[in-house]
Amino acid sequence: MTITPLMPVYPRCGVRPVRGEGAYLFGENGERYLDFASGIAVNLLGHGHPSYTRALQDQVATLMHVSNLYGSPQGEAFAQRLVDNSFADTVFFTNSGAEAVECAIKTARRYHFASGNPHKNTLICFNNAFHGRTLGAISATNQEKMRDGFEPLLPGFKYAPFDDLEAALALVDDNTAGFLVEPVQGEGGIRPASKEFLQGLRKICDERDLMLVLDEVQCGVARTGTLYAYEQYGIEPDIIASAKGIGGGFPMGACLATEKAAKGMVIGTHGSTYGGNPLAMAAGQAVFDVILEPGFMEKVKATGERLRATLEQLIPNHDHLFESVRGMGLMLGVKMKSDSRAFVAHARDKHGLLLVAAGDNVVRVLPPLIIEQSHIDEFAGLMSEAARSYTPPA
Ligand SMILES: *Cc1c(COP(=O)(O)O)cnc(C)c1O
C-alpha cells in the first residue's frame with residue numbers, strides 16, 4: 001500500500017501547525033510563523049481570540065447540534081443579524097463555501113422556475129474565477145485543472161473574460177438566469193472588478209429580470225473593509241454566497257438572498273443536516289460581535305492602507321521580483337515577475353512568513369483582521385529579507 005491515509009490531493013508543505021496565538025502559528029517542534037495567510041482568509045480574528053474561544057467553549061457545553069427538524073432560536077438570531085446588516089431578507093446556512101455557492105445557484109434557477117421561466121437556467125460566469133470543488137461549483141469554474149476527469153459537468157454555465165462587460169452582455173440570451181461573479185477574484189489573483197463592470201451587470205439584471213449572484217466567499221465578511229465588498233461598488237446583489245471568514249475558523253457558510261430572489265425556495269426545496277447548527281451560529285455571532293464593533297471596519301481599511309503602502313515601498317528595492325500591488329482592505333496581492341509559488345515557499349521555509357500563492361503569479365497577503373502596526377512592521381522586515389535572499393527559479 002503506498003496511498004497515504006489522508007487522500008493525497010494536496011501538495012502539503014513542511015509546516016505542521018499544532019497551536020496558534022493571534023497572528024502566529026507554532027509547529028510541532030515549536031517553530032514560529034507569522035500567519036499572513038489566515039487559513040486562506042478564514043481566521044479573521046487570528047488564532048485563539050479570547051471572546052471567540054469562550055463563546056465556542058460555552059456553546060459546546062450548552063448545545064452543539066440538534067438538526068433542522070426543530071425550531072432554531074440561534075439560527076433566527078444570526079440570520080436576523082445578517083439581514084439587518086446587508087441587502088438580504090433571508091439566509092440559508094451551509095457548512096462551506098462550495099455549499100453556499102450551490103445554494104446560490106439553486107436559488108437563482110428556482111427564481112426563474114417559480115416565475116414560470118424554467119428555461120432561464122444558465123448562469124454567466126467568468127474566467128479565472130473559483131467557486132469551489134463540488135460538481136456544481138466546478139461546472140461554474142472555468143478551469144481545466146479542476147475539471148479533468150470529472151465530466152460530465154452540469155449544463156447551464158457560460159464563461160466570459162472577467163471584468164469585460166461587453167463580453168458578458170454578448171452572452172445574454174433567453175436562457176440566461178443571471179451572472180455569478182466574485183467582486184474581487186481571490187484564487188484568480190486578487191483582482192477587484194471595476195465599478196463599471198459590476199454596475200453594468202446590475203443594470204442588465206434590472207432590465208431583463210436576471211439574478212446578480214456574488215461569490216463573496218473570500219472577499220466578504222469585513223475582509224475588504226466593509227461587511228461585504230459589494231458595498232464599495234454602489235450596487236446591491238440579489239444573492240450572495242458567503243463563507244470562509246464568516247465562522248472565524250469554524251466550518252460554516254451562508255447563502256443570502258432578497259425576498260424576491262428566494263421566492264422559489266419554499267419548504268422541501270433545499271436542506272442540510274448540519275447547516276446553521278447552534279455551534280456554528282455561536283461562531284458566527286462571536287465573529288460578528290467583534291467585526292461590528294464601532295470603528296472595526298474603519299480600522300481594517302486603515303490597516304489595509306498601511307499594509308498596502310508597506311508593500312508598495314518594497315517594490316522599487318526589489319523590482320526584479322515584484323511588479324505591483326492590488327486588492328482592497330486586507331485582501332491584498334503582490335504581482336510577481338516570476339513564479340509566486342516558489343517565493344511563497346521561500347518566505348515560509350526560510351523566513352517563517354506564511355502567505356498564499358494565487359493565479360497570475362500573485363502572492364496573496366491575507367492577515368487576520370486584528371493585526372496591529374507591530375505585525376505590519378514585522379511583516380515588512382520578513383518580506384524584505386525574503387526578497388533579498390531569494391533567487392527566482394531559472
Ligand atoms: C474558497 C472559495 C470557495 C469554496 O469554499 P469552500 O469552503 O472551500 O467550499 C468558493 N468561492 C470562493 C470565491 C472561494 O474563495
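For ligands, and for the atoms within them, numbers begin at 1 and follow the listed sequence.
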Does any N or O atom in Gly97 lie less than 3.5 angstrom from one in ligand 1, N or O only? yes
For Leu25, the other hydrophobic cluster members (4.5 Å side-chain criterion, sorted by chain and number) are Val15, Tyr33, Leu354
Ranked by distance from atom 11 (N) of ligand 1, the top protein heavy atom is Asp215 OD2, 2.8 Å
Quick look: Ser96 vs ligand 1, heavy-atom contacts under 4.0 Å, and the answer is both
*Can Lys106 and His270 be counted as having a side-chain donor-acceptor contact under 3.5 angstrom?*
yes
Here the side chain to side chain donor-acceptor pair (under 3.5 Å) pairs for residues 65-76, sequence neighbours left out, are His65-Asn277
Quiz item: Side chains of His112 and Asn121: donor-acceptor distance under 3.5 Å anywhere?
Solution: no
Under a 3.5 Å distance rule, please check whether Gln59 uses its side chain to pair with a backbone N or O of Leu63 as donor and acceptor. yes
Practice problem: Using a strict 4.0 Å threshold on nitrogen-to-oxygen distance, state whether Arg81 and Asp289 make a salt bridge. | Solution: yes
Note: ligand 1 atoms sitting under 4.0 Å from heavy atoms of Gly132 are 4 (C), 10 (C)
- Polar side-chain atom of Ser340 near backbone of Met336 as donor-acceptor pair, under 3.5 Å: no
Nearest non-hydrogen protein atom to atom 9 (O) of ligand 1, with distance, is Ala98 N, 2.7 Å
The protein heavy atom nearest to atom 15 (O) of ligand 1 is Lys244 NZ, 2.6 Å
Heavy-atom protein neighbour under 4.0 angstrom from atom 6 (P) of ligand 1 = yes
For Gln218, the atoms of ligand 1 under 4.0 Å from one of its heavy atoms are 15 (O)
of all protein heavy atoms, closest to atom 12 (C) of ligand 1 is Phe130 O, 3.3 Å
Contact region, Glu182 to ligand 1, non-hydrogen atoms below 4.0 Å, reads side chain
